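Written out below as structure tokens is the structure these notes cover.
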Amino acid sequence: MRRLKEFVAPLVYLSSNITSLIGVVLVTTATVLWLFLLPSFIKGEPGNAYTGILEFMLLPGVFFAGLVLIPLGIHFYRVGHRNELPPVFPDIDLQNERFRRLLMFVGVTTILNLIIGAQFSYRAVSYMESATFCGQTCHTVMKPEYTAYQNSPHARVACVSCHIGPGANWFVKSKLSGTWQVISVTFNLYQRPIPTPVKALRPARETCEVCHWPQKFAGNRVHIIDKFTDDEQTRHLKTVLMLKIGGGGGYEGIHGAHMGPGVEVTYGHSDEKRQTIPWVQYSRNGDKTIFKAEGFKDADMGKLEMRTMDCIDCHTRPAHSYKLPERAVDEALARGLMDASLPFVRKTALSIIKVDYATTADSEREIPKRFMAYYQQAYPALWQSKRPAIESTAKAVMAAFAENVFPEMRVKWGVYPNNLGHTDYPGCFRCHDERAGDKGNKTIPMDCDTCHKKLAEDEESPKILSELGLTPATGGTK
Ligand code: HEC
Ligand code: HEC
Ligand code: HEC
Ligand code: HEC
Ligand code: HEC
């Protein structure tokens with residue numbers, strides 16, 4: 001105790017200079033604010049890049065800057081007051097004026113920080129974790145994802161639920177990578193469009209299964225797909241599929257086949273976007289079958305990147321579902337946002353939204369103008385009688401574009417593949433192409449009844465819907 005005092009007494013005496021005291025204030029501030037953020041850190045609450053910057057860069061930076069200032073101040077004080085130093089340093093007790101001053105500095109700073117911390121950090125942290133913040137703060141960068149997210153079934157699910165998920169480990173990982181993302185946004189180093197797939201995304205089963213546990217989705221699901229024709233008077237066609245959702249902890253259907261107990265599907269892809277899959281291994285409780293695409297040579301194995309299949313290999317776009325132009329227009333027509341009675345409405349809308357506009361401002365100026373101009377010129381009488389319908393349809397045409405195309409981020413029609421299906425993108429057919437396995441006569445089946453039963457295709461009034469009591473059928477389930 002005595003020796004400790006002998007060591008600390010000169011420090012207390014010498015650090016009573018302005019430089020060291022600033023150091024003390026910085027160290028105290030960083031420590032107190034860091035402690036404020038600690039609970040969310042320990043609980044492993046998801047956070048994002050900005051709290052990451054605060055916790056892992058800014059506060060430690062301040063802390064160490066303070067730590068450097070204290071001895072620096074002591075050093076200069078010593079040099080400056082070489083001849084005035086007392087032979088014996090005063091004891092550390094409340095009689096010691098310099099000690100009192102130091103205590104006061106630490107005390108006042110701490111109290112101020114407690115007040116500031118209580119006021120700001122908690123609110124700042126919870127704000128920073130909200131979807132609004134994630135989506136809007138780097139507005140041009142995240143605008144495509146945020147817009148698509150707001151139109152998705154997950155519009156009320158926080159970004160961090162999928163991008164970070166529970167647990168301290170991923171929290172730290174995502175903070176570090178998030179910190180890098182913020183730096184790259186600040187210095188304009190990011191790619192446009194933001195490349196997909198997200199390499200550092202957490203294995204989806206750990207995030208998605210927090211809400212969708214595999215026992216929950218099972219059985220079949222009827223899916224009605226609306227389409228419209230390009231005729232002068234567009235016709236509403238419906239395709240009715242019964243999808244074999246499956247799962248439920250067994251090997252049934254789509255989910256059971258790939259995600260059932262003890263099942264692991266591993267694949268090798270030759271392109272960045274995982275769209276070309278020449279090699280697949282199916283393993284159920286250790287029983288393995290390898291399927292190779294026609295013409296694939298084992299010598300090319302080294303060129304493939306391997307991956308274990310999880311939810312996002314099919315559900316690539318659960319929250320950021322960009323549509324192709326035809327789907328966007330069909331959906332707006334089905335929902336009544338576009339007036340289906342206007343002549344050539346689908347064809348006109350498509351020809352206008354498929355144009356490559358250089359900026360969002362250009363598109364906002366041109367799209368409604370061109371759409372209305374078409375009716376003004378080709379159907380002047382109709383323009384007179386149905387002007388409000390044409391104007392509101394023009395707005396919906398604009399929305400169909402604005403929800404899916406973001407010129408500034410070079411997000412054009414179809415840059416982000418949706419793997420759920422096989423008509424818009426290769427999707428299921430990346431593997432399901434009847435390729436043979438190395439055992440027995442197994443293939444990855446392409447038979448049309450494997451995944452769905454087609455109850456109707458492109459019919460105006462499918463019998464199945466009237467049987468189900470769904471006439472006149474409107475709208476899809478998508
Ligand atoms: C339901 C889960 C989920 C939610 C909620 C979610 N995302 Fe995503 N996000 C994904 C998946 C899955 C991908 C695609 C991963 C892939 O293809 O590798 C992705 C991709 C991205 C990408 C990369 C570009 C792209 O489109 O592939 C960005 C940026 C992104 N999300 C930002 C956000 C933001 C911002 C929010 C909140 C406004 C958010 N995400 C909410 C699941 C989600
Ligand atoms: C925080 C909870 C939560 C997480 C995490 C989550 N979801 Fe969901 N998801 C929901 C809710 C709630 C709905 C239902 C929305 C509705 O019925 O409109 C939903 C709906 C869905 C649907 C059905 C959409 C449709 O068209 O009806 C799919 C598919 C889906 N989620 C996949 C995923 C995938 C894949 C992930 C992981 C990348 C994921 N979800 C992560 C809450 C979540
Ligand atoms: C082999 C591809 C594939 C994989 C892997 C996959 N799904 Fe699906 N999932 C589908 C298809 C196809 C549908 C039906 C889509 C539709 O109705 O449009 C579907 C539907 C769903 C639905 C809606 C079910 C309903 O009854 O409405 C949920 C929720 C879902 N999947 C979650 C998940 C989760 C979570 C995972 C990962 C554990 C996962 N899926 C893995 C292909 C897949
Ligand atoms: C990475 C490759 C891959 C992709 C992508 C893929 N599958 Fe599969 N799928 C397989 C393999 C491998 C099997 C097992 C084949 C076997 O051994 O019978 C399988 C089996 C199935 C089965 C069970 C078949 C049966 O005979 O019982 C269904 C249903 C299925 N897949 C649906 C889908 C759907 C729907 C999609 C797209 C959303 C999809 N799969 C995408 C690899 C894939
Ligand atoms: C490996 C599984 C699988 C196989 C095999 C398969 N399909 Fe599909 N099919 C799907 C999925 C998944 C969807 C998307 C359903 C959705 O959008 O909800 C789909 C969608 C469709 C659609 C609706 C397209 C649209 O416009 O949205 C049609 C039509 C269709 N399939 C026909 C076929 C035919 C014909 C075959 C046989 C050559 C076939 N399918 C084989 C999984 C499969």
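Any value given below was found using the heavy atoms of this structure, including those in side chains, with hydrogens, waters and symmetry copies removed. Remember, it's 1-based here, ligands and their atoms both numbered in the order they're listed. Position 1 is the first residue of the sequence, and the numbers go up from there. Computed from a prediction, not measured in an experiment: that's the story for all the values here.
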Give me the ring orientation class for His154 and His212: parallel if the planes are under 30° apart, tilted from 30 to 60°, perpendicular past 60°.
-> perpendicular
Ligand 5 contact on Met446 by region, counting heavy-atom pairs under 4.0 Å = backbone
Counting only heavy atoms not in Glu460, do more than 12 fall under 6.0 Å of its CD?
-> yes
Within 45° cone of Tyr251 ring axis and under 6.0 Å: Arg284 NZ or CZ = yes
Asp271 side chain to Thr276 main-chain N or O, any donor-acceptor pair under 3.5 Å?
-> yes
Look at the rings of Tyr416 and Tyr322 and say which category their plane angle falls in: under 30° parallel, 30 to 60° tilted, over 60° perpendicular.
-> parallel
So, is Thr316 polar-close to ligand 1, with some N/O to N/O distance under 3.5 Å?
-> no
Here the atoms of ligand 5 under 4.0 Å from any heavy atom belonging to Asp447 are 5 (C)
State the atoms of ligand 5, each with its element, that fall below the 4.0 Å cut-off from a heavy-atom position in Glu457.
-> 29 (C)
Please work out whether any backbone atom (N, CA, C, O) or any side-chain heavy atom from C-beta onward of Arg327 is under 4.0 Å from ligand 5, and answer side chain, backbone, both or neither.
-> side chain
So is Glu145 polar-close to ligand 1, meaning N/O to N/O under 3.5 Å?
-> yes
Got an N/O contact under 3.5 Å between His320 and ligand 1?
-> yes
If only atom types and distance count, is the side chain of His432 paired as donor or acceptor with the main-chain N or O of Pro445 below 3.5 Å?
-> yes
With heavy atoms only and a cut-off of under 4.0 Å, state how Cys448 meets ligand 5: side chain, backbone, both or neither.
-> both
According to the interplanar angle, ranging from 0 to 90°, do the rings of His255 and His315 count as parallel (below 30°), tilted (30 to 60°) or perpendicular (above 60°)?
-> parallel
Hey, which atoms in ligand 5 end up nearer than 4.0 Å to a heavy atom of His432?
-> 1 (C)
Kindly give the atom name of the N, O or S atom of His212 closest to atom 8 (Fe) of ligand 2.
-> NE2
Would you say Arg221 touches ligand 2, if touching means a heavy atom closer than 4.0 Å?
-> yes
Look at atom NZ of Lys347 and say whether more than 12 heavy atoms of other residues, nucleotides or ligands are closer to it than 6.0 Å.
-> no
Here the atoms of ligand 1 under 4.0 Å from any heavy atom belonging to Tyr146 are 38 (C)
Do ligand 5 and Thr450 have nitrogen or oxygen atoms that lie under 3.5 Å from each other?
-> no
Is atom CD of Glu252 surrounded by more than 12 heavy atoms (other residues, nucleotides or ligands) closer than 6.0 Å?
-> no
Decide if atom NZ of Lys288 counts as having more than 12 heavy atoms of other residues, nucleotides or ligands within a radius under 6.0 Å.
-> no
Sub-4.0 Å heavy-atom approach of Arg317 to ligand 1 | yes
So is Thr207 in contact with ligand 2, going by heavy-atom distances below 4.0 Å?
-> yes
Can you establish whether the number of heavy atoms outside Glu272 located under 6.0 Å from its atom CD is more than 12?
-> no
Numbered atoms of ligand 5 (with element) below 4.0 Å of Leu241, judged on heavy atoms = 20 (C), 21 (C), 22 (C), 23 (C)
Within-shell test, Ser161 vs ligand 1, heavy atom, strictly < 4.0 Å = no
When only distance counts, is His223 in polar contact with ligand 5, meaning an N/O pair under 3.5 Å?
-> yes
For Lys454, the ligand 5 atoms whose distance to one of its heavy atoms is below 4.0 Å = 35 (C)
Taking 4.0 angstrom as the limit, do Glu459 and Arg235 come out as a salt bridge?
-> no
Check whether any N or O atom of His154, backbone or side chain, sits under 3.5 Å from an N or O atom of ligand 1, and answer yes or no.
-> no
Numbering the atoms of ligand 1 from 1, which are under 4.0 Å from a heavy atom of Thr196?
-> 16 (C), 17 (O), 27 (O)
Does any N, O or S atom in Cys208 come within less than 2.8 Å of atom 8 (Fe) of ligand 2?
-> no
Which bit of Ile254 gets closer than 4.0 Å to ligand 5, counting heavy atoms only: side chain, backbone, both or neither?
-> neither
Option set Ile312, Val157, Asn419, Val415, criterion heavy-atom distance to atom 5 (C) of ligand 1, minimum | Val157
Taking only non-hydrogen atoms of His315 and a 4.0 Å limit, the atoms of ligand 2 in range are 29 (C), 35 (C)
Give the single entry among Lys244, His422, Lys227 that approaches atom 31 (N) of ligand 5 most closely by any heavy atom.
-> His422
Under 2.8 Å: N/O/S of Cys162 next to atom 8 (Fe) of ligand 1 | no
Taken in chain and number order and not counting sequence neighbours, the residues that satisfy ring-ring contact (aromatic ring centres under 6.0 Å, His included) with His269 are Tyr267
Gly421 heavy atoms, cut-off 4.0 Å: which ligand 5 atoms fall inside?
-> 11 (C), 12 (C), 13 (C), 14 (C)
Qualifying residues under side-chain hydrogen bond (donor to acceptor under 3.5 Å, both in side chains), relative to Thr229, sequence neighbours excluded = Asp231
Looking only at heavy atoms, is any part of Pro318 under 4.0 Å from ligand 1, and if so is it the side chain, the backbone, or both, or is it neither?
-> side chain
Considering all heavy atoms, the nearest Thr316-Pro417 contact = OG1-O, 3.4 Å
Drop me the distance from Thr207's OG1 to Ile312's CD1, to the nearest 0.5 angstrom.
-> 8.5 Å
State plainly whether the residues Glu331 and Arg327 are in salt-bridge range, i.e. N to O under 4.0 Å.
-> no
Specify whether an N/O/S atom of Cys211 falls short of 2.8 Å from atom 8 (Fe) of ligand 2.
-> no
Taking the six-membered ring of Tyr146, is the NZ or CZ of Lys143 close enough (under 6.0 Å from the centre) and on axis enough (within 45°)?
-> no
Relative to the heavy atoms of Pro197, which atoms of ligand 1 are at a distance of less than 4.0 Å?
-> 16 (C), 17 (O), 18 (O)
